[in-house]
Amino acid sequence: MSAQPTLAALRSFHCEHTPSKSRIFALVQHQEGPASLQAVLTCREPDVAQRAVGILRQAIQSSADTWKCEPLEALCTQLPDAPASSLRSAARHALVGVWPMAPGSYLKWERVADETEDDGGAPEADARASRTPHDAQLTDLAGPVIRVELLREFHVHDQQAALKAARSAGWEPLPNEDPEGDDPQDLVGAVMWLAESDSEIEGADAITENCQGLKLRTENGHEVAGWSKEPVVADFGSGWRHRAAVSRGEASKPPAEEKLPDFAVLFKTQPPHCEDPDCEDEQCRWQLTPRTADVLYAELCMLADQAYDECEELGDGPVVPGEREGNWGVFAHLPKLTFGTDLQWRRRFARAADDLVGDLERGQWPQPTCTAEELALHLAVRDAGERGDEDLDTGQHGQLPAHRDDYDFDMCAEVFFQDSDVLMLYSARFDGIEDPDNETNLRMGIGDLRAAAWFEPFLNVPARDPHRDFRR
């Protein structure tokens with residue numbers, strides 16, 4: 001009984017020209033060995049061969065429904081019967097994206113491995129193994145270890161085109177053990193295969209492109225993935241953090257599955273608090289609207305995420321403004337008396353921003369309970385006011401109800417804070433005012449604004465749970 005041919009994925013077609021003839025080859029990818037060239041046909045005219053290759057490449061990118069056979073048939077009339085038949089057969093294979101390879105017409109991996117061993121092995125591979133053993137832990141490696149986390153999301157608008165493109169690139173679907181499942185054709189596997197390249201994916205549009213890097217540090221509890229006690233999962237923040245990045249051109253769209261707070265319900269506008277229609281006090285009538293809360297939430301999420309990221313990069317080292325391109329996004333914009341704080345202090349500041357996020361998620365006005373939260377909220381209100389009105393009527397934010405008080409961040413600065421004493425730390429005129437024994441501090445009744453006291457709870461508001469965890 002003759003052996004069955006091996007089915008390989010079609011990647012492309014190519015020509016070989018000599019003075020006496022032209023040959024057409026199919027470039028195929030298969031699991032049993034390296035990619036190879038399979039002969040298709042031979043003809044005398046190089047222009048005919050080039051036209052044939054163009055038609056065959058077009059067939060790879062087409063489906064049976066969209067394929068137009070007229071150019072193929074017109075070209076076949078210029079060929080003898082045998083090469084014309086071979087061309088028609090090649091087009092049929094190109095339309096389904098596979099190529100049958102007769103036994104013995106290609107090289108298998110076993111032969112490649114045997115030949116490598118006969119040549120004494122690969123010195124480059126030996127060098128890589130000695131430098132970076134596959135089973136090494138972080139402490140075993142002499143150089144730094146950089147983790148790169150890549151998030152790509154694709155809208156597959158033509159599933160069959162994507163599956164065909166993946167097969168043409170050498171992908172083969174996994175055995176389908178659940179025909180009634182939601183992915184019987186292994187579309188996920190096909191897109192994963194194609195996503196390894198930066199090229200556009202046939203039949204799919206990229207909707208999210210996000211990448212971040214992290215230098216692993218043992219002092220921060222990091223470990224390489226193979227030895228990590230916890231699963232290594234990319235942390236790109238919540239959908240709102242993505243949405244905040246969109247407004248700055250830093251990302252595309254938020255993950256569709258992320259559940260966001262329903263600010264239309266949490267901050268449903270009410271009749272004015274003051275019953276006196278002649279009252280001129282704006283604070284009596286002003287409300288924190290769904291849209292304003294939404295923007296503040298985005299800014300606080302971004303602030304917390306950036307602070308946690310910088311914690312990992314800074315560690316216990318001092319902040320030196322201007323030492324890197326782009327400067328420190330959060331900690332270089334705090335008062336200079338905080339520049340020498342340690343990693344734990346900075347993590348607590350990041351958590352302070354998260355605590356304010358939690359207030360909004362519960363439908364409450366953000367209420368600072370300590371100096372760190374006060375300054376985090378000042379930064380968020382400032383950044384929200386500087387955003388402008390870009391993209392405010394699009395996406396989920398644009399679906400929130402509009403109100404006359406929307407985006408009044410000046411009023412936010414008026415009503416959210418008991419005082420603005422902490423902002424005096426930015427002025428050289430008030431150097432030393434953070435010390436509770438400072439003359440000006442005593443006269444104004446400011447209190448302790450030294451960095452070590454930033455997390456001491458205010459006495460006139462409920463304190464946070466001292467045993468709460470850090471998000472990161």
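For reference, positions follow the sequence shown, starting with 1.
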* To do: Decide yes or no on side-chain contact (heavy atoms from CB on, under 4.5 Å) for Arg472 and Asp305, but give the supporting numbers first.
  => CA-CA 9 Å; Arg472 287 171 56 182; Asp305 274 351; 3.8 Å; yes
* Asked: Hey, mind stepping through Lys336 and Asp431 against side-chain contact (heavy atoms from CB on, under 4.5 Å) and telling me if it holds?
  -> CA-CA 10 Å; Lys336 64 181 181 180; Asp431 279 353; 4.2 Å; yes
* Asked: After noting the C-alpha distance and the side-chain angles of Phe331 and Thr338, does the key distance pass the side-chain contact (heavy atoms from CB on, under 4.5 Å) rule?
  -> CA-CA 8 Å; Phe331 293 113; Thr338 68; 5.9 Å; no
* Asked: Where do Asp421 and Glu374 land on the side-chain contact (heavy atoms from CB on, under 4.5 Å) test, with the steps shown first?
  -> CA-CA 10 Å; Asp421 293 344; Glu374 251 191 350; over 6 Å; no
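Side-chain atoms of Asn441 come within 3.5 Å of backbone atoms of Ile433 as a donor-acceptor pair (strictly under, hydrogens ignored). Of the possible polar contacts, one joining the Glu223 side chain to the Leu138 backbone as a donor-acceptor pair under 3.5 Å is found. Side-chain N or O atoms of Glu310 include one that pairs as donor or acceptor with a backbone N or O of Val330 at under 3.5 Å. A donor-acceptor pair under 3.5 Å is absent between the side-chain atoms of Trp286 and the main chain of Met411, judged by distance alone. In terms of modelled atom types and a separation under 3.5 Å, the side chain of Arg291 and the main chain of Gly398 share a donor-acceptor contact. Remark: the backbone N or O of Gly315 is paired with a side-chain donor or acceptor of Arg346 at under 3.5 angstrom. Between the side chain of Asp316 and the main chain of Leu343, a donor-acceptor pair closer than 3.5 Å is present. At least one donor-acceptor pair under 3.5 Å links the side chain of Asp359 to the backbone N or O of Gln367.
From Leu27, atom CG reaches atom CG of Leu37 across 5.5 Å, with rounding to the nearest 0.5 Å. Atom CG of Asp383 is separated from atom CG of Leu303 by 7.5 Å, given to the nearest 0.5 angstrom. To the nearest 0.5 Å, the span separating CG on Leu425 from CZ on Phe430 amounts to 10.5 Å. Taken from CZ in Phe263 to NE2 in His397, the straight-line distance is 10.5 Å, to the nearest 0.5 Å. Separation of atoms NE2 (His378) and OH (Tyr426) is listed at 9.0 Å; rounding is to 0.5 Å.
Closest approach of Trp345 to Ala451, counting heavy atoms only: NE1-O, 2.8 Å. Between Leu296 and Cys412, the closest heavy-atom pair is CD1-SG, 4.2 Å. Shown here for Val295 and Ala384, the closest heavy-atom pair between the two residues is CG1-CB, 3.8 Å. Here the shortest heavy-atom pairing between Phe154 and Ala195 reads CE1-CB, 3.8 Å. Considering every non-hydrogen atom in both Pro368 and Phe458, the closest pair reads O-CD1, 3.7 Å. In plain terms, the two heavy atoms of Gly203 and Ala161 that are nearest each other are CA-CB, 4.1 Å.
Partners of Leu141 by side chain to side chain contact (heavy atoms under 4.5 Å, CB included), not counting sequence neighbours, listed by chain and number: Thr132, Pro133, Ala136, Val145. Checked against side chain to side chain contact (heavy atoms under 4.5 Å, CB included), Arg429 has the following partners two or more places apart in sequence or in another chain: Ser427. Among residues two or more places apart in sequence or in another chain, the side chain to side chain donor-acceptor pair (under 3.5 Å) test is passed with Thr369 by Glu373.
The residue from Ile446, Asp448, Leu449, Leu442 that alone fulfils the side chain to side chain contact (heavy atoms under 4.5 Å, CB included) condition with Pro436 is Asp448.
Using a 4.5 Å cut-off on side-chain heavy atoms (C-beta onward), Val422 and Pro335 make no contact. At least one side-chain heavy atom of Ser12 sits less than 4.5 Å from a side-chain heavy atom of His14. Trp365 has its side chain within reach of Phe267: a pair of non-hydrogen atoms, C-beta onward, lies under 4.5 Å apart. Annotation: side chain of Leu375 is in contact with side chain of Leu423 (closest heavy-atom distance under 4.5 Å). Contact of the Ser36 side chain with the Val28 side chain is registered, since non-hydrogen atoms from C-beta on lie closer than 4.5 Å.
Side-chain polar atoms of Asp405 and Thr289 form no donor-acceptor pair below 3.5 angstrom.
Ion pairing between a basic and an acidic side chain is recognised when a charged N comes within 4.0 Å of a carboxylate O; Lys268 and Asp262 show no such pairing. Taking the charged nitrogens against the carboxylate oxygens, Asp355 and Arg348 have no contact shorter than 4.0 Å, which rules out a salt bridge.
With Phe470 as the aromatic partner, Arg351 meets the cation-pi criteria of under 6.0 angstrom to the ring centre and within 45 degrees of the ring axis.
In this structure, Trp454 and Phe349 have tilted ring planes: the angle between them lies in the 30° to 60° band.
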